[in-house]
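Just so it is clear, the values below take in all heavy atoms, side chains as well, and ignore hydrogens, waters and symmetry mates. Keep in mind that this is a model prediction, so the values were computed, not measured.
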There are 4 protein chains.
Amino acid sequence: MTEHSINPSAPKRATQRDEKAVERRTQLIDTALEVFAKKGFDKTSVRELAAAAGVAQGLMYHYFKSKDQLLEAVVERHSFLPQLKAMLTTMHNEPAAKVLKITGNQFFALLGQKESLMNIFFHETQSHPIVPRIWRNILNQGIGLFQTYLDERVAAGELKPHTTDVTARTLAYTIVLLRATSVAFHHRTRPEAFINEMVDNLLSGVAAPAA
Amino acid sequence: MTEHSINPSAPKRATQRDEKAVERRTQLIDTALEVFAKKGFDKTSVRELAAAAGVAQGLMYHYFKSKDQLLEAVVERHSFLPQLKAMLTTMHNEPAAKVLKITGNQFFALLGQKESLMNIFFHETQSHPIVPRIWRNILNQGIGLFQTYLDERVAAGELKPHTTDVTARTLAYTIVLLRATSVAFHHRTRPEAFINEMVDNLLSGVAAPAA
Amino acid sequence: MTEHSINPSAPKRATQRDEKAVERRTQLIDTALEVFAKKGFDKTSVRELAAAAGVAQGLMYHYFKSKDQLLEAVVERHSFLPQLKAMLTTMHNEPAAKVLKITGNQFFALLGQKESLMNIFFHETQSHPIVPRIWRNILNQGIGLFQTYLDERVAAGELKPHTTDVTARTLAYTIVLLRATSVAFHHRTRPEAFINEMVDNLLSGVAAPAA
Amino acid sequence: MTEHSINPSAPKRATQRDEKAVERRTQLIDTALEVFAKKGFDKTSVRELAAAAGVAQGLMYHYFKSKDQLLEAVVERHSFLPQLKAMLTTMHNEPAAKVLKITGNQFFALLGQKESLMNIFFHETQSHPIVPRIWRNILNQGIGLFQTYLDERVAAGELKPHTTDVTARTLAYTIVLLRATSVAFHHRTRPEAFINEMVDNLLSGVAAPAA
DNA sequence: AATGAATGAGGATTCATTCAT
DNA sequence: GATGAATGAATCCTCATTCAT
């Protein structure tokens with residue numbers, strides 16, 4: 001931040017230094033993500049964060065104005081909206097059952113890859129307003145993903161006209177909670193089979209044919 | 001303990017004091033529930049808790065060994081397992097659609113009545129091991145509720161044989177997350193309509209008849 | 001303390017009750033002695049004292065104005081000055097070596113019997129001014145005991161004229177510290193042999209005869 | 001740690017800060033010694049300690065993990081074992097009476113210089129296990145000091161063969177208690193004269209020559 | 001950029017003591 | 001006499017944050 005360079009070689013040097021600074025910053029953020037996820041925001045002290053990153057506590061305040069702002073940075077950096085958006089952009093001419101199963105499992109897998117972040121989303125809602133905001137974005141994005149596809153299939157005549165919002169949220173919510181509980185709970189049905197069967201149920205119904 | 005009474009009113013006296021103590025205890029627990037739900041466990045100081053209850057902070061430790069133990073007491077006292085168990089014990093000869101809709105909405109309403117507790121379940125998982133344990137109990141109870149009924153209807157031939165665990169959890173999870181998000185989010189579909197439609201979807205499927 | 005008797009039978013009753021009250025008081029004192037000795041005055045709470053005596057904490061304040069006053073009562077009640085004074089009143093025509101050995105061992109034994117109290121004397125000097133005061137009394141009494149005897153034997157010509165204060169204190173101090181350290185330390189010489197030899201040394205000297 | 005210095009004065013800088021930290025630490029320890037000695041460990045709050053040292057209370061915990069550990073540091077730093085060991089290493093060809101008198105008085109003087117520490121040794125035995133441990137070391141060192149010398153003089157024929165442990169402990173214990181009581185009590189005999197006479201008594205005995 | 005000394009507010013908890021019953 | 005509920009001050013300790021180096 002403080003630029004008091006004298007000789008002309010400074011610009012390049014500054015860039016190098018900036019790069020290093022950015023690296024350091026992301027290192028601090030990534031370390032914080034893990035520690036926050038494991039111990040919780042409030043139960044983690046800045047000293048611990050610094051120790052985990054192998055730096056002095058004072059350095060934390062060079063890169064982040066406050067502990068809160070660090071949480072902000074963590075959540076912003078790891079919000080996997082891009083990955084979410086990238087999902088389901090292909091596969092248009094496949095049957096809905098197949099597409100929804102694949103997408104559902106992708107969604108489930110994505111949440112699993114971001115387990116630490118999910119932990120923060122679930123537990124630190126009250127620590128910083130940015131947390132629920134971003135979590136809401138992600139959830140809505142997930143729901144929208146399904147809904148957009150469903151609307152398309154309704155339009156294509158593959159699905160009957162109905163409130164796709166309900167179906168989309170049924171899918172998204174169930175997958176999210178399946179993910180959230182799959183760590184702590186012991187489930188009878190394995191996630192992939194679960195998701196596949198849920199999709200089938202939603203498409204074809206569980207009522208007996210006669211009824 | 002010491003009984004040197006002559007008239008029959010004496011025993012009641014001791015009881016009166018005890019009663020008051022019990023009342024006071026529940027008052028402290030109930031106050032704590034609200035404050036924990038609003039501010040979060042870590043962000044709430046014992047001083048605040050005492051102030052909210054209108055007592056000296058020292059008194060908190062007369063009734064509870066620690067702040068942790070208070071949380072324990074809160075969660076134990078308000079775990080609505082009895083209410084959950086009471087649900088769906090009637091209405092056997094009604095169509096599944098109707099029964100599931102009613103039960104689903106009851107479940108949703110019950111979660112709503114326990115909003116403060118739900119807040120704790122969602123956010124304070126890491127504060128005390130009893131929180132996830134009881135939350136798991138409740139969730140499993142809710143799931144079991146649906147599953148038992150579904151199994152029964154499968155046996156009765158109203159539903160086709162399928163993994164009822166999946167359907168039950170789809171219902172329960174969606175309702176739970178519907179509840180959890182209905183405060184912070186703004187939904188297009190109203191909860192009751194949502195639940196009703198979800199039940200219909202699950203029973204009859206959303207696929208176009210031709211498919 | 002509060003006397004509001006109406007009928008003439010009260011005096012006798014009061015006496016019975018007083019007796020019981022005195023008993024209770026000494027019970028509380030004796031319990032306190034043990035707990036204070038074991039845990040130290042500051043580290044012992046009134047609640048613990050009450051629990052150890054099997055009564056409610058409030059009752060402590062019926063019998064003692066404060067925790068300090070309880071310590072006072074403890075020290076006063078158990079100050080073994082009478083026993084000390086009773087020592088060495090006999091045995092006038094025996095050789096000094098024998099008498100001093102017996103008395104020294106008696107003194108040592110007496111301190112041993114009062115181990116709890118000794119603990120308080122050693123550690124709680126700063127807790128209440130009465131503690132060092134009484135301890136000084138006891139110590140001086142012990143010293144005086146020896147000195148009186150020594151003076152008498154000097155007068156009788158059995159001992160040579162010298163500063164008996166020095167000899168008396170050498171004896172008393174050594175025995176006291178022997179006692180104080182005998183619990184925590186591991187000594188080579190056993191107390192009785194030690195005291196006997198010390199007396200011999202003091203009487204006859206350890207210098208070689210030639211010198 | 002980070003060395004990006006050009007001129008040779010840089011390394012010293014880091015050392016300067018470290019030096020200051022060490023100084024600060026000893027300052028805190030020394031202040032604590034005085035306050036603990038005056039008020040007692042339990043009766044002294046960390047706030048007082050900090051105030052006495054003119055620092056914020058939080059700083060105490062930067063240097064010491066706990067109040068207990070501070071006491072540990074105090075006792076360790078001021079345990080005058082080195083000084084004790086240095087005593088009596090000379091003067092081999094002087095008469096025992098002279099040597100013992102000088103050493104006894106030195107020992108007494110040393111204890112006097114460490115009055116604050118002695119206070120802690122006497123009163124805070126129960127506050128932390130390190131206190132009695134170090135005190136035992138010191139006492140044993142003092143005893144050993146005398147005993148080694150006595151053994152040597154016995155071997156040299158100046159003293160008659162006897163249990164030197166008894167004589168050594170008589171000397172050491174008496175001097176220690178003389179020191180401990182000389183503050184609170186009012187003695188007739190002055191310490192130096194007392195010690196000299198005690199040595200004489202121990203060497204030559206107080207029994208009348210005829211006996 | 002990096003360190004860690006220094007601060008002071010605030011947190012959980014303990015405790016002597018009082019008081020209504 | 002006896003109980004234990006109630007008080008509030010005080011205690012140890014933690015922590016986010018600042019700052020000189």
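Distance C:E23 CD to F:dA2 P: 11 Å, rounded to the nearest Å. The distance from atom CG of B:L49 to atom C1' of E:dG10 is 15 Å, rounded to the nearest whole Å. The interatomic distance linking A:L28 (CG) with E:dA1 (C1') rounds to 12 Å, in whole Å. Atom CZ in A:R24 sits roughly 12 Å away from atom C1' in E:dT3 (whole-Å rounding). When rounded to the nearest whole Å, the span between NZ of B:K65 and P of E:dT14 equals 10 Å. Straight-line distance from the NZ atom of B:K39 to the P atom of E:dG10: 12 Å, rounded to whole Å. The CD atom of D:Q16 sits 20 Å away from the P atom of E:dT3 (whole-angstrom rounding). At whole-Å resolution of the value, NZ in A:K67 and P in F:dT17 are 8 Å apart.
Each of C:S45 and B:K43 has a nearest nucleotide on DNA chain E; the 5'-most of these lies closest to B:K43. In this structure, B:G54 and D:K20 both approach DNA chain F, and ranking their closest nucleotides by distance from the 5' end singles out B:G54. Residue D:A56 is the one, among D:A56 and B:F41, whose nearest nucleotide of DNA chain E lies closer to the 5' end (criterion: closest heavy atom). Nearest-nucleotide positions on DNA chain F for D:L59 and D:V46 put D:V46 closer to the 5' end.
Using a 4.5 Å heavy-atom cutoff, the side chains of C:F41 and C:V131 are not in contact.
Proximity of D:Y61 to the phosphate of F:dT14: no side-chain N or O atom is located under 4.0 Å from OP1 or OP2. Residue D:R47 places no side-chain N or O under 4.0 Å from the OP1 or OP2 atom of E:dG8. Remark: D:H62 is not in phosphate contact with E:dA6, judged by side-chain N or O atoms under 4.0 Å from OP1 or OP2.
For CZ of C:R77, the number of neighbouring non-hydrogen atoms (other residues, nucleotides, ligands) closer than 6.0 Å is greater than 12. Heavy-atom contacts from other residues, nucleotides or ligands closer than 6.0 Å to NZ of B:K43 number more than 12.
Annotation for D:I134 and D:S79: closest pair CG2-CB, 3.6 Å, computed over non-hydrogen atoms. C:A53 and C:T31 make their closest contact through N-CG2, 3.8 Å (heavy atoms, listed as atom of the first residue, atom of the second, distance). Among all heavy-atom pairs drawn from C:F36 and C:K67, the shortest one is CE2-CE, 4.4 Å.
Exactly one of D:V55, D:V35, D:L28 qualifies for a side-chain contact (heavy atoms from CB on, under 4.5 Å) with D:L49. That residue is D:V35.
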Output the pairing pattern of DNA chain F as a dot-bracket string, 5' first, Watson-Crick or G-U wobble with both distances under 3.5 Å, | for cross-strand pairs, [ ] for crossing pairs. .||||||||||||||||||||
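Looking at heavy-atom distances under 4.0 Å, C:Y63 makes contact with sugar-phosphate atoms alone, never a base.
Checking F:dT17, E:dT17, F:dA6 against the side-chain heavy atoms of A:S66 singles out F:dT17 as nearest.
Contact of D:Q57 with F:dC13 (side chain to base): a donor-acceptor pair of N or O atoms is detected under 3.5 Å.
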Walk me through it: do B:H123 and A:Q126 pass the test side-chain hydrogen bond (donor to acceptor under 3.5 Å, both in side chains)? CA-CA 8 Å; B:H123 304 313; A:Q126 287 163 329; 4.9 Å; no
